[in-house]
2 protein chains.
Amino acid sequence: MAARTVQLRGAAIEGTLTASRALLGVIARSLAPVMDTVTLPQFRVLVVLSNFGPLRMGEVAQRLGANQSSFSRFADRMVAGGLIARSASPGSRREVIISLTEDGARVYAEVTDARRREISRVLETLSGPDLEAVRTGFEIFARAAGEPSADETLILGI
Amino acid sequence: MAARTVQLRGAAIEGTLTASRALLGVIARSLAPVMDTVTLPQFRVLVVLSNFGPLRMGEVAQRLGANQSSFSRFADRMVAGGLIARSASPGSRREVIISLTEDGARVYAEVTDARRREISRVLETLSGPDLEAVRTGFEIFARAAGEPSADETLILGI
DNA sequence: CGCAACATATGTACTATAGCAAGTATGAAT
DNA sequence: ATTCATACTTGCTATAGTACATATGTTGCG
């Protein structure tokens, strides 16, 4: 490999690390306001239900890597908090479906909206060419990195 | 503002959101292996001590936004886990300094190294011009976003 | 010295998370 | 129909995190 490319790669890695810190700041700021309403593990459930729609208890437990019995009581708390609702499954009477309540959906939306707003606020300061550079760079990186699996992002609860 | 710039901004926001998800995947993957050794709150302490060096108990408690008395027992657990060590302050006998043990430093390094490796692995797949585009875009974004405050990134424990 | 301010630790208590074992109700299979 | 598997809940237990009030030791100051 050419020496120039190696150098470039080093600079790109450092730049990516710096940007990753900046993006973490964005994510953290968007998450902070709801952290007194939900815990991070609870937010994970909101993420799952937002992405996949209503699911069986066991299904969610599995996605979170949690014990079913643990999750049952975990769900109790979220139901008590008004974030999710249990309902009977139309298919089988032994299945219990959980879904977001309006409040739960609102909490999730609050975070994603805040994230979009935060990013927008940052990009607002940029000129046209800089904007274009950011868009291009991020798109290339995202394509190369690929979408993280649901399991992966859930590690952090986001 | 020109219509073209508005459009550009929208595309840049979406690109940034996608990249932020990709980066979250990177971060989550790098964090996962140590999550059976330390909890996320405990990892926050490792981050603080790595960034600032040995600190007084109260200093760390404050940075984490924790009650001093809570933090005392929290520290007990981390000492028991061999991640940090208490030591007498040279300046004052009522102060207690905590610092990373070798194990604690290793856990932190494991995560940051993994992060660097992950990013490097992604960038490896890119051609010279793409690399350059990524570096430029990320640098511009990072400069515009600014370094997140320590408090902010600690929300997520990172 | 004596007392206030400070730094940390302890007593106590509560919530969240989490797992194992056992129980209950339902569905499926022979 | 009886038996086995599935889906969920509950009893019990343990640990982590957190806070408030209080105790202990230390420092600085009048």
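Just so we're clear, the structure is a prediction, and the values are computed from it rather than from any experiment. Below, chains carry the letters A, B, ... as their sequence lines are ordered, and counting in each starts from 1.
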Exercise. With the threshold set at 4.0 Å, does a side-chain nitrogen-carboxylate oxygen contact exist between B:Glu132 and B:Arg135?
Worked result: yes

Exercise. Would one find a side-chain N or O of B:Arg94 under 4.0 angstrom from OP1 or OP2 of C:dA5?
Worked result: no

Exercise. Could a donor-acceptor pair under 3.5 angstrom be found where the side chain of B:Arg73 meets the base of C:dT12?
Worked result: yes

Exercise. Given D:dT27, C:dC20, D:dC8, which nucleotide is nearest the side-chain atoms of A:Glu95?
Worked result: D:dC8

Exercise. Can a salt bridge be assigned to the pair B:Arg106 and B:Glu110 using a cut-off of 4.0 Å between side-chain N and carboxylate O?
Worked result: yes

Exercise. Given D:dA16, is OP1 or OP2 found less than 4.0 Å from the side-chain N or O atoms of B:Thr39?
Worked result: no

Exercise. B:Phe71 CZ to C:dA9 P: how many Å, rounded?
Worked result: 10 Å

For this session: Find the distance A:Gln62:CD to D:dC8:P and express it as a whole number of Å.
Result: 11 Å

For this session: Answer with yes or no whether the side chains of A:Asp103 and A:Thr101 bring together a donor and an acceptor at under 3.5 Å.
Result: no

Problem set entry | Candidates C:dT26, D:dC8, D:dT18 - which lies nearest the side chain of B:Phe74 | D:dT18

Exercise. Separation of B:Arg86 atom CZ from D:dG25 atom P, in whole Å?
Worked result: 16 Å

Problem set entry | Most 5' of B:Ala66 and A:Gly58 on DNA chain D, judged by nearest nucleotide | A:Gly58

Exercise. So, is A:Gln68 near the phosphate of C:dG19, with a side-chain N or O under 4.0 Å from OP1 or OP2?
Worked result: no

For this session: Under 4.0 Å between any heavy atoms, over every strand shown, what does A:Ser69 touch: base, sugar-phosphate, or nothing? Just pick one.
Result: base

Exercise. Between B:Arg56 and C:dT8, does any side-chain N or O lie under 4.0 Å from OP1 or OP2?
Worked result: yes

For this session: Using only heavy-atom distances, decide whether a donor-acceptor pair under 3.5 angstrom links the side-chain of A:Ser70 to the base of C:dG19.
Result: yes

For this session: Specify the separation, in whole Å, of atom CG of A:Asp36 and atom P of D:dT18.
Result: 14 Å

Exercise. Atom CG of B:Asn67 and atom C1' of C:dG11: how far apart are they, to the nearest Å?
Worked result: 14 Å

Problem set entry | Backbone N/O of A:Ser69 and side chain of A:Ser72: donor-acceptor pair under 3.5 Å | no

For this session: Please state how far atom CG in B:Leu64 lies from atom P in D:dT18, giving the value in whole angstrom units.
Result: 8 Å

Exercise. Contact class for A:Ser72 (heavy atom, under 4.0 Å): base, sugar-phosphate, or nothing?
Worked result: base

For this session: Using only side-chain N and O atoms of B:Arg77, determine if any of them is under 4.0 Å from OP1 or OP2 of D:dT15.
Result: no

Exercise. Is the ring centre of B:Phe71 less than 6.0 Å from the ring centre of B:Phe74?
Worked result: yes

Seminar exercise, completed: Here the distance between atom C1' of C:dT8 and atom CG of B:Asp76, to the nearest Å, is 11 Å

Seminar exercise, completed: Winner on side-chain proximity to A:Met57, out of D:dC8, C:dA16, C:dA9, is D:dC8

